[in-house]
Number of protein chains: 2
Amino acid sequence: MTVTLADVAARARVSPATVSRVLNGNYPVASSTRERVLRAVDDLDYVLNGPASSLAAATSDLVGILVNDIADPFFGIMAGAAQSEIGGPGDGSGRAGGEKLAVVCNTGGSPERELTYLTLLQRQRAAAVVLTGGALEDPAHQAAMAVKLAKLADAGTRIVFCGRPPLPGTDAVVAALAFDNRGGARRITEHLIALGHRRIGYVAGPVERTTTRHRLEGHREAMKAAGLYGDEESVTVHGPYDRRSGYDATLELLRREPDVTAVVAANDTVALGACAAVRERGLRIPEDISVAGFDDLPFSVDAVPALTTVRLPLFEAGARAGRLAMGKETPPPGGIATIGAELMERGSTAPPRLD
Amino acid sequence: MTVTLADVAARARVSPATVSRVLNGNYPVASSTRERVLRAVDDLDYVLNGPASSLAAATSDLVGILVNDIADPFFGIMAGAAQSEIGGPGDGSGRAGGEKLAVVCNTGGSPERELTYLTLLQRQRAAAVVLTGGALEDPAHQAAMAVKLAKLADAGTRIVFCGRPPLPGTDAVVAALAFDNRGGARRITEHLIALGHRRIGYVAGPVERTTTRHRLEGHREAMKAAGLYGDEESVTVHGPYDRRSGYDATLELLRREPDVTAVVAANDTVALGACAAVRERGLRIPEDISVAGFDDLPFSVDAVPALTTVRLPLFEAGARAGRLAMGKETPPPGGIATIGAELMERGSTAPPRLD
DNA sequence: ACAGCCGTAGCAAGCGCTTTCTATGCGGTA
DNA sequence: TACCGCATAGAAAGCGCTTGCTACGGCTGT
């Protein structure tokens with residue numbers, strides 16, 4: 001059978017309690033004893049029984065990171081950064097203690113899965129949960145989430161939002177890091193307007209997502225401020241945050257409104273699809289049509305022409321969320337921090353053609 | 001305090017044993033009783049204590065997925081696919097039972113972290129572990145891995161390799177799905193040769209990785225077969241699997257060997273960097289230089305020109321690995337399956353200029 | 001010289017669940 | 001009518017660990 005604490009204790013000729021204390025390092029143990037125990041652990045190749053330990057201590061070293069789409073670098077970057085801070089192996093400490101198992105859970109954007117993962121994590125008595133990405137704006141789901149999170153919180157789980165606005169009715173949350181989606185969107189549209197564009201199409205994300213709404217609002221704010229707010233509905237197309245959707249939506253947009261001179265996409269992935277659609281129509285970027293994205297994912301700079309977009313410090317935000325989840329960093333005042341979004345002017349936008 | 005099994009039992013006026021049996025559905029319970037229990041569970045909002053359950057049952061519902069770089073879609077796609085099969089929430093069953101918590105662990109390509117994650121998973125008595133991506137070829141590390149995996153296996157953990165060749169000395173593994181990296185690499189180089197290229201540069205991945213070696217070998221096989229094998233060392237540059245590395249390596253390559261007419265990159269991400277470098281030098285793709293990648297990640301088709309590459313069925317492989325890990329699919333004969341790689345001819349390759 | 005401490009180590013009581021074994025009530029059979 | 005077996009429920013013994021409390025020397029202080 002597998003080696004237990006008792007086996008180690010027997011070999012080291014101490015009590016199980018002592019072994020436990022050596023392993024946890026939370027109680028004074030004479031160094032000679034400690035050494036003996038450590039050797040026994042080594043000799044027997046002992047591996048702690050996690051469930052037993054969690055049960056007895058009523059805590060676990062699991063930290064959950066919820067993402068909408070693990071195949072999307074937007075989430076991958078944040079999750080990776082968070083995970084590296086949360087430690088798991090090689091967090092630099094070398095010592096146990098900080099050794100948490102950071103696990104990422106892929107909700108696929110489905111509200112049910114989000115809730116179920118939360119239950120699963122609750123079941124495991126997770127030490128912390130990081131929720132990334134935009135939230136669904138369905139009131140029923142939000143309420144359910146609030147309830148769930150409250151329960152998690154008072155079971156001792158730390159909760160951090162990353163790239164997601166604070167959920168109303170949830171003060172159980174340790175901290176919320178929100179991206180300035182609205183501001184970023186405003187700036188990129190202002191940039192287009194400043195270049196001389198007047199007729200600007202918008203390829204939005206899925207409806208009922210905070211991210212979608214905020215970016216769209218920022219865009220429209222800029223349009224309004226420039227007195228360009230008109231038949232917004234007809235130059236806006238919604239769809240999922242993927243390349244295919246950007247392609248289809250842009251084709252649709254171009255057909256519906258052939259006079260647009262610029263297309264703003266909800267994110268870079270969508271923008272890539274938009275570029276493909278523009279070319280498909282035989283139009284050049286940026287000479288005939290400007291295209292802009294959002295997020296500044298790694299591939300965006302390599303697009304041809306390089307994509308004008310809004311840079312979100314995904315890595316930094318993820319890392320900070322990880323630290324907050326670990327209690328290694330003090331939460332921002334009020335528990336909420338807004339993370340800036342910076343305009344990256346590149347080759348995919350230019351003044352419109354003068355017809 | 002939190003609700004326990006006993007609380008539910010009391011409310012349903014049955015014994016804890018009965019509640020447990022209802023929840024696990026592995027023992028006959030009169031339906032009237034079952035109903036009463038279920039209602040009590042609902043009323044009290046009971047959530048099973050995972051650690052306690054795992055301890056008593058000596059099994060857990062955790063499944064680990066190890067990846068080298070979670071921010072890289074190559075891994076994200078496989079991990080997402082695996083996770084969706086492993087279930088976690090919404091695996092369609094609706095019922096518990098199949099409800100495993102699939103967690104992805106980011107090793108960052110570090111051997112120590114890989115090992116430590118395995119220990120962590122061993123600690124949690126994980127039900128299964130899926131290892132993705134190429135392996136390190138360091139004998140010491142391989143030996144350590146073999147030992148670790150053997151231990152996991154005989155603690156009852158199912159082990160599946162995905163996109164990684166079987167580790168010698170490990171028969172504890174349920175199955176290994178290996179990509180035909182060599183064949184894919186051979187085909188793409190043959191394609192270039194058929195186009196008329198004679199002087200072909202190769203931007204390889206990090207040394208000591210199986211993936212790197214196999215792709216490089218495939219490439220060289222093709223070169224040799226065409227009688228083009230010469231000073232391979234001078235047209236090969238190694239580096240990490242990232243865009244930056246592709247850029248730097250290609251610049252270096254072009255400086256060292258200005259007469260190459262094609263560059264084969266170790267993967268698509270690297271290829272993107274290579275494209276940037278080629279353009280930086282004022283050369284056109286594919287007129288002046290052809291560029292080829294590997295993997296066919298989603299963005300590759302959107303590159304301009306679209307990237308010629310080798311398609312790896314990442315999603316399918318990940319899903320299959322997930323199923324194997326769950327025991328939902330019977331392992332291939334011998335435990336090893338090689339997954340084909342298909343050449344995707346696109347715009348980034350063309351015949352060389354005739355000088 | 002004795003009381004009181006401090007530094008260590010052990011005892012033992014759980015943590016909340018699963019599961020074996022036992023008990024009970026019922027219907028069917030002789 | 002009495003017996004046996006089946007279907008169902010309960011009792012209780014752990015699973016392997018943590019931790020509050022107790023025990024025990026040797027030191028210090030007066």
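Keep in mind that the numbers below use all heavy atoms, side chains included, and drop hydrogens, waters and symmetry copies. Naming convention: chains lettered A, B, ... in sequence-line order (proteins, then strands); numbering from 1 in each chain.
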Given atom [atom1] of [X] and atom [atom2] of [N], what is their separation to the nearest angstrom?
{"X": "R36(A)", "N": "dA9(C)", "atom1": "CZ", "atom2": "C1'", "value": "11 Å"}
{"X": "L48(A)", "N": "dC15(D)", "atom1": "CG", "atom2": "P", "value": "16 Å"}
{"X": "N49(A)", "N": "dC15(D)", "atom1": "CG", "atom2": "P", "value": "12 Å"}
{"X": "R125(A)", "N": "dT18(D)", "atom1": "CZ", "atom2": "C1'", "value": "17 Å"}
{"X": "R13(B)", "N": "dT8(D)", "atom1": "CZ", "atom2": "P", "value": "21 Å"}
{"X": "D61(B)", "N": "dT18(C)", "atom1": "CG", "atom2": "P", "value": "11 Å"}

Value for CD (E137(A)) from CD (Q142(A)), rounded to nearest 0.5 Å, stands at 6.5 Å

Give, for atom CD1 of I70(B) and atom OG1 of T107(B), the distance between the pair rounded to the nearest 0.5 Å.
10.5 Å

Taking 4.0 Å as the cut-off, does a side-chain nitrogen or oxygen of [X] come that near to OP1 or OP2 on [N]?
{"X": "S15(B)", "N": "dA11(D)", "value": "no"}
{"X": "T18(B)", "N": "dA9(D)", "value": "no"}
{"X": "S53(B)", "N": "dT18(C)", "value": "yes"}
{"X": "S20(A)", "N": "dT18(D)", "value": "yes"}

Which of these nucleotides, [options], is closest to any side-chain atom of [X]?
{"X": "V29(A)", "options": "dA9(C), dC17(D), dC17(C)", "answer": "dA9(C)"}
{"X": "L5(B)", "options": "dG16(D), dT8(C), dC17(C)", "answer": "dC17(C)"}
{"X": "R21(B)", "options": "dA9(D), dG16(C), dG14(C)", "answer": "dA9(D)"}
{"X": "N24(A)", "options": "dG16(C), dT18(D), dG10(C)", "answer": "dT18(D)"}

Would the base of dA9(D) count as contacting Y27(B) through its side chain, where contact means a donor and an acceptor less than 3.5 Å apart?
yes

Looking only at heavy atoms, the pair that brings L131(B) and F161(B) closest together is CD1-CE2, 3.3 Å

Checking E114(B), R113(B), E112(B) against S110(B) for side-chain hydrogen bond (donor to acceptor under 3.5 Å, both in side chains), the one that qualifies is E112(B)

Contact class for [X] (heavy atom, under 4.0 Å): base, sugar-phosphate, or nothing?
{"X": "N26(B)", "result": "sugar-phosphate"}
{"X": "A17(B)", "result": "base"}
{"X": "T33(A)", "result": "sugar-phosphate"}

Trace of the side-chain contact (heavy atoms from CB on, under 4.5 Å) decision for T33(A) with V22(A):
CA-CA 9 Å; T33(A) 314; V22(A) 168; 5.5 Å; no

Upstream residue (5' side of DNA chain D) when P16(B) and A52(B) are each assigned their closest nucleotide:
P16(B)

